[in-house]
Structures are given as C-alpha cells and as structure tokens.
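Position 1 is the first residue of the sequence; numbering continues from there.
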Amino acid sequence: MTVRPDEPAPTIADPAPPAAAGLEPKVKAKPDAAPKPFLVRAFSLTVGQGLRLLALSTFAGFFVLAFDYAPGGTTFDAGGAFTAIIHRALTALGWAFESFWKPALAGLVVVLPIWAIWRLIRMPFRKS
C-alpha cells in the first residue's frame, strides 16, 4: 500500500468501546444512593422468600409437635420409635388440616433463629 504525501497516514482503529463489545456492567449503582442500613440488608425479604420461610417453618413444626419432642428424655427404643413415627406422621397429617397455625409457630421457633444466623453469616458476602 502506498501513501501519497498529501494523504494522511492510515492509523490503527481504536478498539471497540466496552458497550459495543457487550462488556458493560449489568447493574450500575446510583452515585447519590445512600447505603441501606445493616438490619435492612440482613433481614429484608421478598414475598416469595417469606412464603418459603413460612413453609419451612411449618414443615419443621410438624415434626416438633408430632413427635412430642422433649429434650430431657433419657430412654430410646428403636422399634417403638419406628412404630411411633409412622403412627404420629399419619396423625400429624390429619391434625395439620385442622390447625395450620400451630405447626407454623412451632417451626418458627426452630427455623427463624437458624435463618437469622445464616443471614448474618452471609452478610459480608452479599452485594446489596
């Protein structure tokens, strides 16, 4: 390729800007947005997350109430335990249709502290 003296020399084209290459960040932070308070970041829930937490609490509550959990019990019988589990599981299903709120509250006693501790542990790794 020859260059005439009155013609400017060819230049190397600039690389494509990041937006054209599809490399732009997907989420842009607002420069004037104040950071959310710690408690809001740690414990805020969407409706779906709240419903999942309620369902998990209810499920855990079925076991807490159906098996008459007593942390002070000292004896254990494997055969009796298996029979009791089957009998109480069937009884718990019937009972669950009558009173939904009791297992939900009993499960919350178990699930809510675990959930809160988990959210606090994950706090340093969350983006928002």
Side-chain angles (χ1 to χ4, degrees):
M1 177 166 135
T2 60
V3 178
R4 295 185 200 162
D6 58 333
E7 195 175 287
T11 60
I12 298 176
D14 291 332
L23 301 175
E24 68 182 26
K26 294 182 180 182
V27 177
K28 294 183 179 180
K30 295 179 182 177
D32 59 342
K36 294 179 184 176
F38 175 76
L39 290 177
V40 171
R41 290 186 321 139
F43 299 112
S44 62
L45 291 175
T46 64
V47 174
Q49 290 171 334
L51 290 175
R52 275 190 288 168
L53 188 61
L54 179 64
L56 181 62
S57 298
T58 304
F59 185 71
F62 284 144
F63 289 102
V64 170
L65 294 177
F67 299 132
D68 288 333
Y69 175 70
T74 57
T75 61
F76 181 74
D77 176 23
F82 180 74
T83 305
I85 287 172
I86 298 298
H87 176 69
R88 289 183 180 180
L90 294 175
T91 305
L93 287 175
W95 173 77
F97 289 114
E98 294 176 14
S99 53
F100 169 77
W101 62 274
K102 289 179 186 177
L105 289 178
L108 279 173
V109 171
V110 175
V111 172
L112 200 59
I114 294 170
W115 173 81
I117 291 168
W118 180 251
R119 293 289 289 225
L120 290 173
I121 289 171
R122 286 187 45 212
M123 259 323 279
F125 307 106
R126 294 186 71 194
K127 293 181 181 176
S128 60

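- Within a 6.0 Å radius of CZ in Phe59, other residues, nucleotides and ligands contribute 12 heavy atoms or fewer.
- Counting heavy atoms from C-beta on, the side chains of Leu120 and Trp115 never come closer than 4.5 Å.
- The heavy-atom pair separating Arg119 from Arg41 by the smallest distance is NH2-O, 3.8 Å.
- Side chains of Arg122 and Ile117 form no contact here, defined as non-hydrogen atoms less than 4.5 Å apart.
- A heavy-atom distance below 4.5 Å is found between the side chains of Leu112 and Leu53.
- Note: the hydrophobic cluster containing Met123 does not contain Val40 (ILVMFWY, side chain heavy atoms under 4.5 Å, direct or indirect links).
- Cluster membership for Leu45 and Val111, using ILVMFWY side-chain heavy atoms within less than 4.5 angstrom, is shared.
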